[in-house]
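What follows is one structure encoded as structure tokens, with my remarks underneath.
Numbers here simply count residues along the sequence, with the first being 1. In this text the structure is predicted, and so the values were computed from the model without any measurement.
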Amino acid sequence: PGGVSGRPAPAGLEGTPAGKDSAAADQLGNAVTLVDTATGMSQTVAAGHRPVWVTLSKGGQTAYVSNQGGDSVDVVDVSAPAPIVTGQIKVGLHPNKSVLSPDGKTLYVANGDADSVSQIDVADATVTRTLSLSPYKNAPVGSNTTGLALDGGGKQLFVTNSGTTSVSVDDLENDKN
């Protein structure tokens, strides 16, 4: 899907650590917009299908954009004069919220219609592990992972599951949920 015309319907939004810019996922515009908060000027780049969430890298130079209409996360360089999509990471079906580890090395992405969370090494832009949030082995899809939060040390991942009205707690160090 091309991108940007008509009503972009901004969804996810995150500001850079320095507060100079904000990045927004334009869900209906299939785009990402970078806004200079001082001037109000914006620049937009086409992105994946139905981008819904943005998580910025620790330094704020890279945006990770969840494409809820598909199965990918776009990697967007937001440090250049105009945002540029530099890559795409395949994850589970209908990715939505994401959260970055405190050290900035790992991105966790909730895959709503895969009942899973993808763990991504941001240096390599690869999925290193997929955490299953199915209530039991071979359960039909339906947990619908939607939200993520890490504890302060990045050792426990909290995942909201709207389909089962539950919150899963994943012990990331011991690979248990």
Side-chain angles (χ1 to χ4, degrees), residues 1-92 94-112 117-131 145-155 157 159 172:
V4 200
S5 68
R7 302 181 339 246
L13 174 73
E14 185 165 12
T16 58
K20 181 185 177 305
D21 299 304
S22 289
D26 299 328
Q27 192 171 38
L28 296 182
N30 294 324
V32 178
T33 298
L34 189 63
V35 179
D36 183 316
T37 56
T39 66
M41 299 297 292
S42 64
Q43 296 185 357
T44 302
V45 63
H49 187 55
R50 298 276 181 168
V52 70
W53 194 255
V54 177
T55 298
L56 291 171
S57 63
K58 195 167 178 116
Q61 297 182 338
T62 304
Y64 299 96
V65 183
S66 300
N67 296 312
Q68 190 177 37
D71 61 356
S72 64
V73 173
D74 282 344
V75 180
V76 183
D77 180 352
V78 294
S79 67
I84 302 166
V85 176
T86 60
Q88 192 172 77
I89 305 164
K90 290 288 184 190
V91 292
H94 299 154
N96 47 69
K97 303 296 190 301
S98 60
V99 65
L100 192 66
S101 64
D103 64 7
K105 295 179 180 180
T106 306
L107 182 72
Y108 297 93
V109 180
N111 303 309
V117 173
S118 295
Q119 179 178 309
I120 298 170
D121 179 328
V122 297
D124 296 332
T126 57
V127 174
T128 57
R129 178 168 63 159
T130 301
L131 306 168
T145 54
T146 53
L148 301 172
L150 285 165
D151 69 358
K155 296 178 189 270
L157 178 67
V159 184
L172 297 171

My understanding is that only residues two or more places apart in sequence, or in another chain, count here; which of them pass salt bridge (Lys or Arg N to Asp or Glu O under 4.0 Å) with Lys20?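 Checked Lys20 against salt bridge (Lys or Arg N to Asp or Glu O under 4.0 Å); matches are Asp36.
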Applying salt bridge (Lys or Arg N to Asp or Glu O under 4.0 Å), name anything that partners Asp151, two or more places apart in sequence or on another chain.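 None.
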Which heavy atom of [X] sits nearest to which heavy atom of [Y], and what is that distance?
{"X": "Val122", "Y": "Gly104", "answer": "CG2-O, 3.2 Å"}
{"X": "Pro83", "Y": "Leu34", "answer": "CG-CB, 4.2 Å"}
{"X": "Gly92", "Y": "Pro95", "answer": "O-CD, 3.4 Å"}
{"X": "Ile89", "Y": "Ala125", "answer": "CG1-O, 3.6 Å"}
{"X": "Ala31", "Y": "Pro51", "answer": "O-CG, 3.4 Å"}
{"X": "Leu56", "Y": "Ala23", "answer": "CD2-CB, 4.3 Å"}

Apply side-chain contact (heavy atoms from CB on, under 4.5 Å) to residues Val109 and Val117 and explain how you reach the verdict. CA-CA 5 Å; Val109 180; Val117 173; 5.7 Å; no
Side chain to side chain, Val91 and Ile120, heavy atoms closer than 4.5 Å: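 Contact flag for Val91/Ile120 side chains = yes.
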With a 4.5 Å limit on heavy-atom distance, are the side chains of Tyr64 and Val75 in contact?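 Yes; the side chains approach each other to less than 4.5 Å.
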Distance from [X] atom [atom1] to [Y] atom [atom2], nearest 0.5 Å?
{"X": "Asn67", "Y": "Asn96", "atom1": "CG", "atom2": "CG", "answer": "11.5 Å"}
{"X": "Ile84", "Y": "Gln43", "atom1": "CD1", "atom2": "CD", "answer": "10.0 Å"}
{"X": "Lys58", "Y": "Asp103", "atom1": "NZ", "atom2": "CG", "answer": "6.5 Å"}
{"X": "Leu107", "Y": "Asp121", "atom1": "CG", "atom2": "CG", "answer": "10.5 Å"}
{"X": "Thr55", "Y": "Leu148", "atom1": "OG1", "atom2": "CG", "answer": "8.5 Å"}
{"X": "Arg129", "Y": "Thr106", "atom1": "CZ", "atom2": "OG1", "answer": "9.0 Å"}

Modelled atom types, side-chain donor and acceptor of Asp77 and Thr86, under 3.5 Å: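 No pair is found: no donor N or O on one side chain lies under 3.5 Å from an acceptor on the other.
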Would you say [X]'s side chain and [Y]'s backbone share a donor-acceptor pair under 3.5 angstrom?
{"X": "Ser66", "Y": "Gln68", "result": "no"}
{"X": "Gln88", "Y": "Asp74", "result": "no"}
{"X": "Trp53", "Y": "Ser98", "result": "yes"}
{"X": "Ser57", "Y": "Thr62", "result": "yes"}

Test Leu13 against Val35 for side-chain contact (heavy atoms from CB on, under 4.5 Å), laying out the working first. CA-CA 10 Å; Leu13 174 73; Val35 179; over 6 Å; no
Can Asn111 and Ser118 be said to form a side-chain contact (heavy atoms from CB on, under 4.5 Å), step by step? CA-CA 7 Å; Asn111 303 309; Ser118 295; 2.9 Å; yes
One pair to check against side-chain contact (heavy atoms from CB on, under 4.5 Å): Val76 and Val54. What are the steps and the verdict? CA-CA 10 Å; Val76 183; Val54 177; over 6 Å; no
Take atom NZ of Lys90 as the centre, draw a 6.0 Å sphere, and report whether it contains more than 12 heavy atoms from other residues, nucleotides or ligands.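 Check passes, neighbour count above 12.
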Test side-chain hydrogen bond (donor to acceptor under 3.5 Å, both in side chains) on Thr16 and Asp21 and set out the steps. CA-CA 6 Å; Thr16 58; Asp21 299 304; 4.9 Å; no
